[in-house]
S.K.: 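My questions all concern the structure below.
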There are 2 protein chains.
Amino acid sequence: MPPQGKRADMVTISDVARHAGVAVSTVSYVLSGKRAISATTRQRVLASIGELGYHPHAGARALASRRANVIAMVLPLRTGMHLPVLMQLVTAVVTTARQADHDVLLMTADEGPAGLRRIAASAMVDGVLVMDVEMSDARVPVLRELGRPSVLIGFPADPTGLTCVDLDFHLAGARCAEHLAQLGHTRIALLGAPPVVYQRDTGFAHRTRAGFLDAARRLRVAATARPCGESPDDARAAVKQLLDDDPGVTGVVVHNEAALAHIAAALPDAVSVVAICPDQVAVSAWPPLTAAVLIPAEELGRQAVSLLMRKLDGQPVPESTLLGPKAWFGAGASVDGRVTGS
Amino acid sequence: MPPQGKRADMVTISDVARHAGVAVSTVSYVLSGKRAISATTRQRVLASIGELGYHPHAGARALASRRANVIAMVLPLRTGMHLPVLMQLVTAVVTTARQADHDVLLMTADEGPAGLRRIAASAMVDGVLVMDVEMSDARVPVLRELGRPSVLIGFPADPTGLTCVDLDFHLAGARCAEHLAQLGHTRIALLGAPPVVYQRDTGFAHRTRAGFLDAARRLRVAATARPCGESPDDARAAVKQLLDDDPGVTGVVVHNEAALAHIAAALPDAVSVVAICPDQVAVSAWPPLTAAVLIPAEELGRQAVSLLMRKLDGQPVPESTLLGPKAWFGAGASVDGRVTGS
DNA sequence: GCCCCTCGTCGAAGCGCTTCGATAAGACTG
DNA sequence: CAGTCTTATCGAAGCGCTTCGACGAGGGGC
């Protein structure tokens with residue numbers, strides 16, 4: 001008897017070939033479209049495939065074609081990201097990958113560099129998507145060394161030679177200042193991330209602040225920016241200090257999801273509040289926001305995957321892609337601020 | 001010239017064999033441990049592996065061994081779960097799977113049954129882990145039909161023939177009643193999930209209520225249970241009605257994360273509040289909780305994976321596994337209520 | 001000292017798929 | 001109508017790994 005008699009439930013390409021009365025290679029070409037196949041033959045083969053419920057064996061395919069049709073998605077250990085946003089991102093990634101006929105392998109960063117090396121060397125994935133990258137991210141040097149196609153969501157300190165996607169925080173900060181200026185405010189302030197985030201060099205915090213201050217200067221409105229802790233007490237303290245320093249402030253930008261509610265509660269009712277935050281946080285904020293700049297999580301995911309797919313196909317892609325922030329106004333209207341390239 | 005000259009970066013098993021001066025099969029046996037290999041040979045082979053940086057080609061291995069060493073993790077479309085809990089769960093799953101030398105393929109439920117079938121038929125994964133299962137979950141019949149090893153986190157209406165893991169909500173409800181009784185309360189109440197959840201037949205809500213009421217009866221304390229909406233208004237309304245109906249209530253159990261804060265705020269200070277909720281919600285609740293019964297997310301993930309691994313090894317596993325709730329007391333001490341089998 | 005084991009190793013046969021010639025059978029030339 | 005192209009299909013050679021059977025070399029038992 002043969003080694004282990006083929007498992008009952010496995011339909012192979014040669015079953016299909018026999019059933020359709022053609023050669024194995026013909027079936028393969030029907031599936032891949034890499035050679036011309038006559039319409040009649042194609043029909044017959046496709047019919048057999050449907051009838052037998054054939055699905056190609058992923059391993060065999062990967063072995064022969066040197067393409068696994070799987071990408072890895074690396075989650076950070078401790079995410080700096082708001083979880084609902086992360087989930088949206090993940091969902092968008094998986095969905096988009098599937099549309100490009102790829103599956104997604106999930107890795108947490110805690111396997112470290114060795115994990116990335118293993119995944120790459122075992123030819124298990126064709127490319128890597130790294131989520132929530134920070135300025136000095138330990139995963140970045142490994143990616144460089146690996147030399148596999150990869151795309152980062154977020155920017156490390158030095159993105160040279162990599163492919164990165166992120167919200168354009170500079171633009172987001174500017175939009176907030178512009179919005180407040182348009183409403184007639186002349187003294188505005190930014191309450192940002194906790195001090196530790198600025199110290200940790202987490203790019204986005206700095207970029208937001210710079211965008212905010214630059215725009216304010218350009219628009220000739222008085223603006224200050226300060227960090228803000230995440231706890232209710234920190235939030236209250238930051239607000240108090242802000243009002244002490246400049247009692248004339250009438251518009252505040254909050255770039256700190258965790259503290260948003262407490263900040264908004266501590267501010268006088270007359271002050272307009274604009275936040276940079278995820279959709280869900282914005283709509284459910286109380287007291288209600290004047291406006292918000294939303295994080296385009298889905299688009300981030302989609303863009304990241306399509307960039308990776310292009311890299312897998314050997315096409316050139318821009319090193320950095322910045323997505324325009326979406327604006328949201330208290331009423332509920334939603335306006336797009338479209339993509340900027342690079 | 002050969003078809004496509006081997007890619008420079010790929011080290012194969014025969015490279016290792018040559019380098020170590022043994023046969024390919026010997027290397028394989030060193031790696032798998034399926035046949036005895038002399039210590040000296042093993043050393044030599046392992047040394048070569050390290051030196052060359054060899055990692056077996058996942059596809060080739062899957063093809064030859066009929067084992068992909070990958071499991072699929074299916075996320076629900078719209079999760080009934082608290083996101084931080086989901087993340088803990090996911091992390092635990094990935095980590096545990098890696099310890100058992102498996103990787104995790106991420107699927108969202110939106111590919112539907114076809115996705116599961118594809119994944120199974122393509123031999124891409126050896127087993128399936130389904131998260132956050134609900135009473136009448138569309139994914140359950142597919143799993144039955146598929147006949148691949150699978151483990152569910154959460155219980156469907158009819159778990160016959162499946163393998164399910166979940167928190168023991170009945171016990172959790174009982175623990176809450178017991179705790180309040182021990183503190184001397186004689187009139188207690190449960191505020192549960194929104195009415196719609198009870199109607200949707202989502203198992204856990206009913207089980208908690210039953211556990212709570214049973215224990216109260218056993219302990220001879222007066223107890224009532226009622227659903228509670230998630231909005232601040234619903235929460236306030238539920239509390240008002242509760243106090244109207246039974247002004248003598250001194251202890252309340254809350255099994256509703258979303259409404260917890262509003263319920264606690266609306267209750268008189270003198271009332272003790274116990275919650276069934278994730279760790280993070282418990283410690284950050286304000287006003288502070290008297291105690292909490294925590295959802296053992298990590299253990300849930302670990303158990304689910306190890307059950308799946310046992311199934312993959314052909315070992316028998318119990319149909320249902322209920323994990324004992326962890327108790328947490330206001331002070332910060334944390335006590336384990338260990339696993340119950342089945 | 002002969003036979004039978006066990007132990008450690010090797011060679012070869014696939015696993016299911018892709019891909020590269022090769023090859024008939026027409027479709028055009030001139 | 002001989003010669004040259006296409007076009008559609010086939011056969012076979014791997015892809016890198018696991019696993020089965022074979023086999024030589026020692027180690028008892030009697």
Side-chain angles (χ1 to χ4, degrees), chain A residues 1-45 49 52-69 101 121-124 126, chain B residues 1-45 49 52-69 101 121-124 126:
Chain A
M1 105 184 160
Q4 46 192 21
K6 63 169 49 178
R7 253 162 55 178
D9 60 348
M10 179 100 223
V11 180
T12 75
I13 198 176
S14 59
D15 294 335
V16 175
R18 200 173 318 120
H19 186 275
V22 299
V24 164
S25 49
T26 303
V27 177
S28 178
Y29 287 125
V30 165
L31 251 25
S32 69
K34 293 195 178 171
R35 280 200 185 174
I37 296 290
S38 69
T40 58
T41 307
R42 184 192 343 286
Q43 298 305 330
R44 203 142 36 88
V45 169
I49 286 176
L52 300 179
Y54 167 72
H55 287 268
H57 186 291
R61 194 199 274 258
L63 180 55
S65 69
R66 299 167 161 290
R67 283 282 244 119
N69 274 41
D101 192 30
S122 68
M124 194 167 239
D126 306 318
Chain B
M1 107 186 158
Q4 45 192 21
K6 63 172 45 177
R7 251 160 57 177
D9 58 348
M10 179 102 225
V11 180
T12 74
I13 198 176
S14 58
D15 294 335
V16 175
R18 200 173 318 120
H19 186 274
V22 298
V24 164
S25 50
T26 302
V27 177
S28 178
Y29 287 124
V30 166
L31 251 24
S32 70
K34 294 196 176 169
R35 281 200 186 175
I37 296 291
S38 70
T40 57
T41 307
R42 186 196 336 290
Q43 298 306 331
R44 203 142 36 88
V45 169
I49 287 176
L52 301 179
Y54 167 71
H55 289 268
H57 185 293
R61 191 197 275 253
L63 180 56
S65 68
R66 298 170 160 290
R67 283 283 243 122
N69 274 39
D101 192 30
S122 68
M124 194 166 240
D126 306 318

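A note on names: the letters A, B, ... follow the listed sequences, proteins ahead of strands, and every chain is numbered from 1.
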S.K.: For the helix from dG1(C)-dC30(D) to dG30(C)-dC1(D), measure the angle between the helix axis at one end and the axis at the other, each built from five pairs, rounding to 10°.
M.R.: 40°
S.K.: Given atom CG of N69(A) and atom P of dT18(C), what is their separation to the nearest angstrom?
M.R.: 10 Å
S.K.: As a test of reading the structure: which of dT19(C), dC10(D), dG14(D) is closest to the side chain of S65(A), going by heavy atoms?
M.R.: dT19(C)
S.K.: Can you give me the N/O atom pairs linking the protein to nucleotides 24-28 of chain C at distances under 3.5 Å, or say none if there are none?
M.R.:
none

S.K.: Considering residues at least two apart in sequence or located in another chain, which fulfil the side-chain contact (heavy atoms from CB on, under 4.5 Å) criterion with A68(A)?
M.R.: A62(A), V70(A), D126(A)
S.K.: Could you pull out all donor-acceptor pairs under 3.5 Å where a side-chain atom in residues 32-43 of chain B meets a protein atom, sequence neighbours excluded?
M.R.:
residue : atom : partner : partner atom : Å
S32(B)  : OG   : S28(B)  : O            : 3.3
S32(B)  : OG   : K34(B)  : N            : 3.2
S38(B)  : OG   : T40(B)  : OG1          : 3.4
S38(B)  : OG   : T41(B)  : N            : 3.4
S38(B)  : OG   : T41(B)  : OG1          : 2.8
R42(B)  : NH2  : I37(B)  : O            : 3.3

S.K.: Find the distance between CG (L31(A)) and CZ (R61(A)) and round it off to the nearest 0.5 Å.
M.R.: 6.0 Å
S.K.: Quick one: the side chain of S38(B) and the base of dG8(C), do they pair up donor-acceptor inside 3.5 Å?
M.R.: no
S.K.: Among residues 26-33 of chain B, which ones have heavy-atom contacts with DNA chain D below 4.0 Å?
M.R.: S28(B), Y29(B)
S.K.: What residues, two or more places apart in sequence or in another chain, satisfy side-chain contact (heavy atoms from CB on, under 4.5 Å) together with A123(B)?
M.R.: H57(A)
S.K.: Check if the side chain of R35(B) and the base of dT9(C) share a donor-acceptor pair of N or O atoms closer than 3.5 Å.
M.R.: yes
S.K.: Looking at R44(A) and G21(A), what are the two nearest heavy atoms and their distance?
M.R.: NH1-O, 4.2 Å
S.K.: Is it true that a side-chain atom of D101(A) and a backbone atom of N69(A) form a donor plus acceptor pair closer than 3.5 Å?
M.R.: no
